[in-house]
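FYI, the numbering just counts along the sequence from 1. Being a predicted model, the structure only gives us computed values, none of them experimental.
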Amino acid sequence: MSEQKPGGDSTHLDDAAQLAALGYTSEFKREMGLWDNVAVGFTYLSPIVGVYTLFSASLAMAGPPMIWAFLIVAVGQFLVALVFGEIVSQYPVVGGVYPWSRRLWGRRWAWMTGWIYMFALFSSIGGIAAGASPFISSLFGHAYSVNYMVVSALGLLAVSTIINVGGTKVLSVAVMAGFITGLVGAIGVGSWLLIKGSHDFSVVFKSLGAADGKVYFYAFAAAGLVAVFQYYGFEACGDLAEEIPNPGVQVPKAMRMTIYIGGFAATFTAFTMIMAVVPNISKVIATSGECIETLPDGATCVEGALDPVSYTIHQSFGAADKFVLLIVVIAFLSCLISLQAAASRLVYSYSRDQMIMGHRVLRLFWQARHIPPFALVVAAAVPALVIVVVSRLSEDAVWKAVGFAAIGIYLGFQSVVLAALRARLKGWQPSGKFRLGKWGLAVNIGALTWGVCGVLAIVWPWDLGTGKPWYDVWIVLLSAVLVIGLGLVYMFTARPYQHSDTPAGDAIPQREGATKNLESTADATEDSSQE
């Protein structure tokens with residue numbers, strides 16, 4: 001693994017020249033520092049957001065041993081981050097998985113990768129906004145309901161959009177504030193919960209009644225969604241590659257730092273919450289559907305069952321619980337800001353290459369703010385629709401939205417990992433400032449193996465046999481099939497991948513006498529035949 005310092009190799013072009021060599025002239029301003037980029041990745045799915053959103057369901061499914069999923073997923077996703085680091089170092093273009101897939105494989109593969117990932121981001125934004133609702137209701141002392149969830153989620157999404165409209169500098173300040181608040185909150189709140197809670201650390205090896213009557217492995221794999229949902233913020237660092245100086249070095253470093261810092265904070269947050277909830281854990285895991293009898297004011301009873309997060313915060317902090325809940329809400333908001341920024345850059349990258357309907361509008365740039373305003377509008381409007389629709393289709397709307405977001409993001413990630421492995425086997429030699437060297441192939445294979453296991457764990461119908469409607473049990477897989485199916489129909493009827501002459505598949509060296517881009521030739525031939 002090697003990482004060259006800025007200016008250490010005279011053969012590397014400066015940022016603008018490197019982009020020009022890749023076929024682009026950037027309109028973004030490089031106003032984001034290394035730690036700002038780390039903050040984007042950290043807040044993209046912050047420890048507080050990722051853990052607090054899914055802690056209740058995961059604990060009820062598998063009990064305290066669900067904590068080990070964080071370590072398993074961290075190792076697998078670190079391999080993915082290393083692969084991404086090599087790619088973004090050579091192709092530091094906004095939009096992440098779409099432009100990377102384009103250069104590694106080709107237009108069609110890139111188009112479908114971007115399509116899936118775009119809708120996964122939209123679902124993530126909707127799921128996170130909805131997941132904040134119980135904490136908002138507890139913060140303001142309002143009764144929680146589905147309608148309240150919809151209204152509060154849409155309100156939080158509106159605030160996120162307004163902040164993103166401020167531009168890269170405002171975005172950097174906002175995510176840095178979220179990063180500091182989230183990290184201090186995770187460590188500070190967690191430490192207090194650890195002091196106040198149980199000190200029987202052996203509980204992380206005991207299911208305590210969870211998954212009784214079921215094969216425990218299945219319950220553990222289902223509960224692992226809380227960790228699966230946690231470890232993919234690092235990709236967002238690359239989504240903003242045109243907004244940070246020297247991205248070939250800075251972005252891969254930011255990706256790794258996101259795994260280190262975010263992974264520790266997430267695991268610590270989950271562990272301390274488990275320790276704090278142990279005294280009431282049997283009631284949390286129980287399926288009676290009743291809240292704890294002495295439910296205090298401010299704690300939330302979600303869908304007829306105890307929400308152990310808000311309850312534990314109230315029990316542990318007393319009158320100070322409002323301050324803690326405020327930190328939690330800020331963490332959710334900063335997460336939304338980062339997600340929306342990443343989604344808007346992906347939409348813009350798609351549109352800049354004329355690869356999607358409405359590209360003439362979506363690629364428009366607001367020079368005063370250095371942002372793509374209409375791409376931002378789409379990154380707000382579609383998640384808002386997700387919030388409204390999913391809340392009417394499923395009882396556990398947040399869990400289902402997060403489930404599709406996770407499967408979509410993992411599919412997007414593994415599309416890039418597979419493209420990298422294929423390109424590597426066909427002769428691609430990473431030429432960016434960050435390289436894995438002789439370890440590249442082994443890391444790539446490990447990342448792909450992990451990704452396939454992760455996808456299977458997410459899509460498996462763990463609720464089968466529970467009496468839920470079939471469409472509710474299979475909703476994650478069905479939503480993935482729907483998005484992929486619509487994408488394939490659109491791709492093969494409108495053929496948007498033919499609309500751009502930006503290079504594709506050029507990572508793979510061509511044989512002597514061949515064109516630099518075989519796919520461009522094939523597409524040109526296909527266009528001629530249609531005419």
Q) At their closest point, which heavy atom of Ala186 faces which heavy atom of Ile48, and how far apart are they? A) N-CD1, 3.9 Å
Q: Check the surroundings of atom CZ in Phe271: do more than 12 heavy atoms from other residues, nucleotides or ligands lie under 6.0 Å from it?
A: yes
Q. Okay, side chain of Trp111, backbone of Pro496: is any donor-acceptor separation there less than 3.5 Å?
A. no
**Q.** Expected output: side-chain Asn37 to main-chain Ala254 donor-acceptor under 3.5 Å
**A.** no
(Q) Can a donor-acceptor pair be found, under 3.5 Å and without considering hydrogens, that links the side chain of Ser145 to the backbone of Tyr148? (A) yes
(Q) Using a 3.5 Å distance criterion without hydrogens, assess whether the side chain of Trp366 forms a donor-acceptor pair with backbone atoms of Gly167. (A) no
Q: Could you pull out the closest heavy-atom pair between Ser58 and Ala223, with the gap in Å?
A: OG-O, 2.9 Å
Q. Listed by chain and number, what are the ring-ring contact (aromatic ring centres under 6.0 Å, His included) partners of Tyr348, not counting sequence neighbours?
A. Phe28, Phe365
Q) Atom CE in Met118, atom OG in Ser349: separation rounded to 0.5 Å? A) 11.5 Å
**Q.** Arg345/Glu242 salt bridge by N-O under 4.0 Å criterion
**A.** no
(Q) What I'd like to find out is whether the side chain of Phe122 reaches to under 4.5 Å of the side chain of Val378, using heavy atoms alone. (A) yes
Q) Can you tell me how far the CG atom of Asp353 sits from the NE2 atom of His359, to the nearest 0.5 Å? A) 10.5 Å
**Q.** Nearest heavy atoms of Pro372 and Leu362, plus distance in Å
**A.** CB-O, 4.4 Å
Q) Is it true that the side chains of Ser133 and Ser152 contain a donor and an acceptor less than 3.5 Å apart? A) yes
Q. Going through the distances and angles, do Ile244 and Leu240 end up as a side chain to side chain contact (heavy atoms under 4.5 Å, CB included)?
A. CA-CA 7 Å; Ile244 180 172; Leu240 281 68; over 6 Å; no
Q. Where do Leu193 and Met275 land on the side chain to side chain contact (heavy atoms under 4.5 Å, CB included) test, with the steps shown first?
A. CA-CA 7 Å; Leu193 291 177; Met275 292 298 102; over 6 Å; no
**Q.** Heavy-atom side-chain proximity of Tyr24 to Thr502 below 4.5 angstrom
**A.** yes
Q | Full working for side chain to side chain contact (heavy atoms under 4.5 Å, CB included) between Thr25 and Leu19 | A | CA-CA 6 Å; Thr25 299; Leu19 270 180; over 6 Å; no
Q | Side-chain (Glu86) to main-chain (Leu436) donor-acceptor, under 3.5 angstrom | A | yes
Q) What distance separates Leu333 CG from Ile128 CD1, expressed to the nearest 0.5 Å? A) 12.0 Å
Q | Closest non-hydrogen atom pair, Pro252 against Gly85 | A | CG-O, 3.4 Å
Q: Would you give the length of the straight line joining atom SG of Cys453 to atom CD1 of Ile72, rounded to the nearest 0.5 angstrom?
A: 10.5 Å
**Q.** Ring centers of Phe55, Tyr52 separated by less than 6.0 Å
**A.** no
(Q) With heavy-atom distances below 4.5 Å as the criterion, would you say the side chains of Leu339 and Pro383 are in contact? (A) no
Q: Check Met149 against Ala130 and note the closest heavy-atom contact, atom names and distance.
A: SD-CB, 3.4 Å
Q: Among Tyr91, Tyr350, Trp109, Tyr117, find the residue that satisfies the ring pair (Phe, Tyr, Trp, His ring centres under 6.0 Å) test when tested with Tyr98.
A: Tyr350
**Q.** Pro245 backbone acceptor or donor facing Asp15 side chain under 3.5 Å
**A.** no
Q: Side-chain contact test, heavy atoms from C-beta onward, threshold under 4.5 Å: evaluate it for Phe317 versus Val189 and give yes or no.
A: yes
Q: Can you measure from CD1 (Ile187) to OG1 (Thr272) and round to the nearest 0.5 angstrom?
A: 10.5 Å
**Q.** Residue pair Thr43 / Met176, side-chain heavy-atom distance below 4.5 Å
**A.** no
**Q.** Donor-acceptor contact present, side-chain Asn164 to main-chain Gln340, <3.5 Å
**A.** no
Q.
Ring centroids only, cut at 6.0 angstrom: are Phe413 and Phe84 within range, meaning strictly under it?
A. yes
Q.
To the nearest 0.5 Å, what is the distance between CE on Met273 and CG on Leu194?
A. 11.5 Å
Q) Between Thr258 and Gly233, is there a donor-acceptor pair closer than 3.5 Å when you use the side chain of the first and the backbone of the second? A) no
Q) Are Met257 and Phe234 side-chain neighbours, meaning at least one heavy-atom pair lies under 4.5 Å? A) no
**Q.** Heavy-atom check, side chain of Ile116 versus side chain of Met112, under 4.5 Å
**A.** yes
Q) Judged by atom type as modelled, is there a donor-acceptor pair below 3.5 Å linking the side chain of Arg352 to the main-chain atoms of Val347? A) no
Q. Does Arg369 come within less than 4.0 Å of Glu31, counting only side-chain N to carboxylate O?
A. no
**Q.** Shortest non-hydrogen contact from Val175 toward Ala39
**A.** O-CB, 3.6 Å
Q) Does the pair Val93 and Arg102 meet the rule for a side chain to side chain contact (heavy atoms under 4.5 Å, CB included), with working shown? A) CA-CA 11 Å; Val93 182; Arg102 184 184 180 97; over 6 Å; no
Q) Counting only N and O atoms by type, is there a donor-acceptor contact under 3.5 Å from the side chain of Lys322 to the main-chain atoms of Leu139? A) yes
Q. Do Phe434 and Lys253 touch side chain to side chain, with heavy atoms closer than 4.5 Å?
A. no
